[in-house]
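By convention in this document, chain letters (A, B, ...) are assigned in the order of the sequence lines, proteins followed by strands, and residues within each chain are numbered from 1.
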2 protein chains.
Amino acid sequence: MKKTIYDIAKHAGVSIATVSRVINNTGRMSDETRKRILRIMEEFDYLPNMHASALTGKKTNSIGVIVPDVSNPFFGEIVKFIQLFAEEQGYTVIIGSTDYHPEKEANYFSLLKQKSVDGLIMATSVDSDESLERLQEIVDDNVPLAMLTHDRMPFPMDVVTIDDSMGGYIATNHLLELGHKDIVFVTGSQTMTSFRDRIKGARQSLEHNGVEFHESQIIKSHFSIEGAKEDIGQYLETHLPTAIFAVNDVFACATIQAARKRGVKVPEDLSVVGFDNTVLAEVTDPPLTTISQPKADMGKQIVRMLVEAIEGKKTSKSKIILSPELIIRQSTVKPEAQV
Amino acid sequence: MKKTIYDIAKHAGVSIATVSRVINNTGRMSDETRKRILRIMEEFDYLPNMHASALTGKKTNSIGVIVPDVSNPFFGEIVKFIQLFAEEQGYTVIIGSTDYHPEKEANYFSLLKQKSVDGLIMATSVDSDESLERLQEIVDDNVPLAMLTHDRMPFPMDVVTIDDSMGGYIATNHLLELGHKDIVFVTGSQTMTSFRDRIKGARQSLEHNGVEFHESQIIKSHFSIEGAKEDIGQYLETHLPTAIFAVNDVFACATIQAARKRGVKVPEDLSVVGFDNTVLAEVTDPPLTTISQPKADMGKQIVRMLVEAIEGKKTSKSKIILSPELIIRQSTVKPEAQV
DNA sequence: CTGTTAGCGCGTTCAG
DNA sequence: CTGAACGCGCTAACAG
């Protein structure tokens with residue numbers, strides 16, 4: 001019961017070439033036959049076989065997206081937007097979640113190459129030799145690349161990020177303006193350039209405002225909420241600042257919980273700022289003051305650039321840096337208001 | 001610089017048929033040549049062209065997964081697990097997020113059919129005529145189907161759900177045991193069979209414990225957190241129960257926030273139970289007592305069943321009902337403890 | 001055990 | 001404007 005282009009041609013009383021032309025909108029033909037063929041295709045629920053056309057070297061109309069973890073709300077939302085815009089452009093999306101495993105990342109590159117995607121969006125920090133090697137192969141195939149969130153460019157590619165440094169800057173500025181002097185920073189893996197930049201921006205803010213900074217003001221933690229709670233809790237035992245800036249909402253949540261566990265109230269005793277403006281920021285108590293990334297816009301821009309590159313409308317690479325935004329909720333108050 | 005099976009054959013000094021055999025592990029041949037060919041494939045980074053093999057009617061080693069919303073933490077986690085197990089079995093996953101649009105759902109069915117996936121997992125309530133029609137087509141192609149979370153079976157297929165009814169039952173029992181009598185229920189779209197069942201279980205618990213139930217104890221709300229907050233808040237103005245059971249964590253979060261906005265403290269003034277045990281339950285304040293769905297297990301089971309069906313190791317359809325579990329955190333206390 | 005050959009469904013010439 | 005014929009990379013008979 002499979003419909004092929006031959007079936008359509010036969011029922012329309014034309015040759016497959018003619019049908020092919022209406023499918024691809026190429027060549028010229030009488031408007032009448034075109035319409036008739038379209039009607040027949042409709043009637044037969046005919047869909048061209050992707051594999052056959054991909055085999056002859058045409059586009060697959062699919063793009064690959066690699067993120068560290070789909071179950072992380074931030075990436076979940078990003079993926080959703082990418083998918084949304086990609087579909088608007090007629091592309092389907094193949095998602096890969098690496099769980100922060102370079103090995104899995106490398107596997108995805110192979111896989112996506114095998115599936116011959118037309119383009120690739122990466123939101124992971126492609127680091128390992130293995131990954132780089134695999135990526136090289138797909139670069140050799142002239143598959144357009146686009147990088148999201150990260151700013152490393154082992155190969156020429158389009159990039160969309162936010163100004164992480166500025167994000168860190170305005171977050172810290174906000175605390176400074178409220179009157180906080182004793183601020184501590186929570187960050188994760190230093191291989192994440194975005195985290196580093198956020199901290200960098202924070203330090204710049206401190207500097208510009210004439211506030212001193214010591215390495216001891218930084219808490220380095222891990223990815224899991226549990227681990228972070230532990231790490232932050234221990235730190236708080238030794239020193240209790242009036243404010244904490246965490247490089248993402250997950251850490252900020254962990255901070256709130258670690259603090260509360262020790263009888264430290266947020267925001268009364270401790271102000272907290274997060275980063276990403278995920279759902280988490282909305283549901284915690286108190287709702288989190290955080291730095292918002294324009295996820296929808298990021299998704300839109302990166303898809304736009306990638307599709308343009310795929311369709312050859314754009315040959316040079318570019319980099320778009322979007323602005324983060326401070327979202328003030330209730331986790332930050334003036335220190336005077338603190339007990 | 002594309003490697004084809006011909007290149008490998010040439011360099012190995014054999015015919016393509018032989019290479020094809022080692023790729024597919026069919027036929028017999030000298031161990032030596034097999035190894036030699038494998039070595040050459042390795043050396044050349046040769047990957048068989050999927051489209052070519054799919055074209056000849058072989059499996060594509062891919063399965064489609066359709067969920068309502070990837071950015072919802074519950075589905076994000078489910079998808080993650082499905083992907084994990086599917087990859088272990090050698091299948092790649094194509095994810096579709098419908099945003100609760102039947103239209104998008106229908107589109108995904110077409111798309112997945114076109115991509116000739118080997119099987120399909122659905123976590124949406126396939127309702128619309130359009131969807132059903134498209135689904136019919138893929139059923140006609142003998143593509144195995146599996147349904148997750150939902151229990152509607154328009155066609156024969158494997159099913160994995162939790163016992164939603166039991167979930168509602170134990171959640172309500174928990175509240176009853178704590179001594180609550182005045183319990184209100186928050187639910188969403190009634191087309192979601194899972195929500196209905198949870199409420200059904202709750203009513204059974206009430207009944208078994210000789211507590212009366214009135215329709216007025218149910219708050220029907222919408223999907224967005226914002227909308228839910230509004231709806232619940234309004235209800236609370238008219239009547240303040242001692243406990244609320246929400247059919248998912250999102251509603252539970254909304255409940256907590258709506259309550260707090262009106263000066264009602266959780267759990268002191270109001271106990272709250274959620275459902276799903278998503279990250280949200282961990283980060284809210286107070287951490288949410290909720291009903292946990294064994295997401296990893298659900299993902300594992302459904303992938304297992306689907307793969308068995310795909311590989312023909314299983315012809316009959318089955319239904320697996322997993323048990324929900326009560327996770328007691330801090331959003332529920334005895335009413336006596338309440339002010 | 002291995003090589004040969006005919007498709008798979010479609011895009012693309014190239015003559016009509 | 002149309003139709004026949006070839007090739008894409010691979011699998012599956014069928015020969016050897």
Side-chain angles (χ1 to χ4, degrees), chain A residues 1-38 40-41 44-62 110-111 113-118 137 141-142, chain B residues 1-38 40-41 44-62 110-111 113-118 137 141-142:
Chain A
M1 227 45 278
K2 317 209 169 186
K3 327 291 198 224
T4 74
I5 198 172
Y6 290 95
D7 298 322
I8 305 297
K10 188 181 296 173
H11 282 263
V14 297
S15 77
I16 59 161
T18 310
V19 179
S20 175
R21 284 192 200 93
V22 355
I23 293 174
N24 298 288
N25 238 311
T26 60
R28 235 172 306 242
M29 71 186 62
S30 74
D31 220 50
E32 193 186 337
T33 52
R34 155 160 285 136
K35 279 187 182 164
R36 181 157 45 88
I37 293 175
L38 282 173
I40 299 207
M41 295 199 314
F44 278 47
D45 273 327
Y46 166 72
L47 293 175
N49 182 315
M50 306 196 48
H51 300 112
S53 72
L55 192 52
T56 65
K58 289 226 324 181
K59 289 195 314 168
T60 55
N61 287 312
S62 61
S110 290
L111 179 74
K113 186 191 169 192
Q114 209 179 158
K115 292 222 167 199
S116 47
V117 291
D118 298 326
E137 288 173 20
D141 288 351
N142 282 315
Chain B
M1 235 38 290
K2 320 207 167 184
K3 327 288 198 228
T4 74
I5 199 172
Y6 289 96
D7 298 322
I8 304 298
K10 188 181 298 174
H11 282 261
V14 298
S15 79
I16 58 163
T18 310
V19 179
S20 176
R21 286 195 195 93
V22 354
I23 293 175
N24 298 290
N25 237 311
T26 60
R28 236 171 303 242
M29 70 184 64
S30 73
D31 222 46
E32 193 186 338
T33 51
R34 154 160 284 135
K35 278 186 182 164
R36 182 156 44 88
I37 292 175
L38 282 173
I40 300 207
M41 295 199 313
F44 279 44
D45 272 328
Y46 167 73
L47 292 175
N49 181 316
M50 304 195 50
H51 301 110
S53 74
L55 193 52
T56 66
K58 288 228 325 181
K59 287 195 316 168
T60 54
N61 285 309
S62 61
S110 291
L111 178 73
K113 186 191 171 191
Q114 209 180 158
K115 293 224 170 199
S116 48
V117 292
D118 298 327
E137 289 173 21
D141 288 351
N142 281 316

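- A sub-4.0 Å separation between OP1 or OP2 of dT11(D) and a side-chain N or O of Thr26(B) is absent.
- Listed candidates were dT11(D), dG3(C), dC10(D). Nearest to the side chain of Lys58(B) is dT11(D).
- Rounding to whole angstrom units, CD1 of residue Ile8(A) and P of dG11(C) are separated by 12 Å.
- For dG3(C), the base has a donor-acceptor partner in the side chain of Arg21(B) [N/O atoms by modelled type, under 3.5 angstrom].
- Toward the 5′ end of DNA chain C lies the nearest nucleotide of Ser30(B), the other residue of the pair Ser30(B) and Ala52(A) mapping further downstream.
- Note on Tyr6(B): every side-chain N or O is 4.0 Å or more away from OP1 and OP2 of dT4(C).
- In this structure, the NZ atom of Lys59(B) is 17 Å from the C1' atom of dC10(D), given to the nearest Å.
- If you measure from atom CD1 of Ile37(A) to atom P of dT2(D), you get 7 Å, rounded to the nearest angstrom.
- Across the interface with DNA chain D, nearest-nucleotide mapping of Val14(A) and Ile16(B) shows Val14(A) to be the residue nearer the 5′ end.
- A straight line from CD1 of Ile5(B) to C1' of dT5(C) spans 14 Å, rounded to a whole angstrom.
- Residue Ser20(A) places at least one side-chain N or O closer than 4.0 Å to OP1 or OP2 of dG11(C).
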What verdict does the side chain to side chain contact (heavy atoms under 4.5 Å, CB included) test give for Ile37(A) and Ile40(A), after you've listed the backbone C-alpha separation in whole Å, the side-chain angles of each residue and the deciding distance to 0.1 Å?
CA-CA 5 Å; Ile37(A) 293 175; Ile40(A) 299 207; 5.7 Å; no
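- Residue Thr33(B) has a polar side-chain atom (N or O) positioned under 4.0 Å from OP1 or OP2 of dT2(C).
- Atom CG in Asp7(A) sits about 11 Å away from atom C1' in dG9(C), given to the nearest Å.
- In this structure, Arg36(B) contributes its side chain and Ala12(B) its backbone to a donor-acceptor pair below 3.5 Å.
- Annotation for Thr60(B) and Ala54(B): closest pair CG2-CB, 3.8 Å, computed over non-hydrogen atoms.
- Looking at heavy-atom distances under 4.0 Å, Leu55(A) makes contact with a base.
- Comparing dA13(D), dG11(C), dT2(C) against the side chain of Asn24(A) picks out dG11(C) as the nearest.
- Formation of a donor-acceptor pair under 3.5 Å by the Ser53(A) side chain with backbone atoms of Met50(A) is found in this model.
- Residues Tyr46(A) and Ile8(A) come closest through the heavy atom pair CB-CD1, 3.6 Å.
- Within the structure, every side-chain polar atom (N or O) of Thr56(A) is placed at least 4.0 Å from both OP1 and OP2 of dT12(C).
- Computed from coordinates, the Lys3(B) NZ to dG9(D) P distance equals 13 Å when rounded to whole Å.
- Between Asn49(A) and the phosphate of dC8(C), there is no side-chain N or O to OP1/OP2 separation shorter than 4.0 Å.
- Regarding Ile23(B), its CD1 atom lies at a distance of 14 Å from the C1' atom of dA12(D), rounded to whole Å.
- Here dG9(D) presents its C1' atom at 11 Å from NE2 of His51(B), a figure rounded to the nearest Å.
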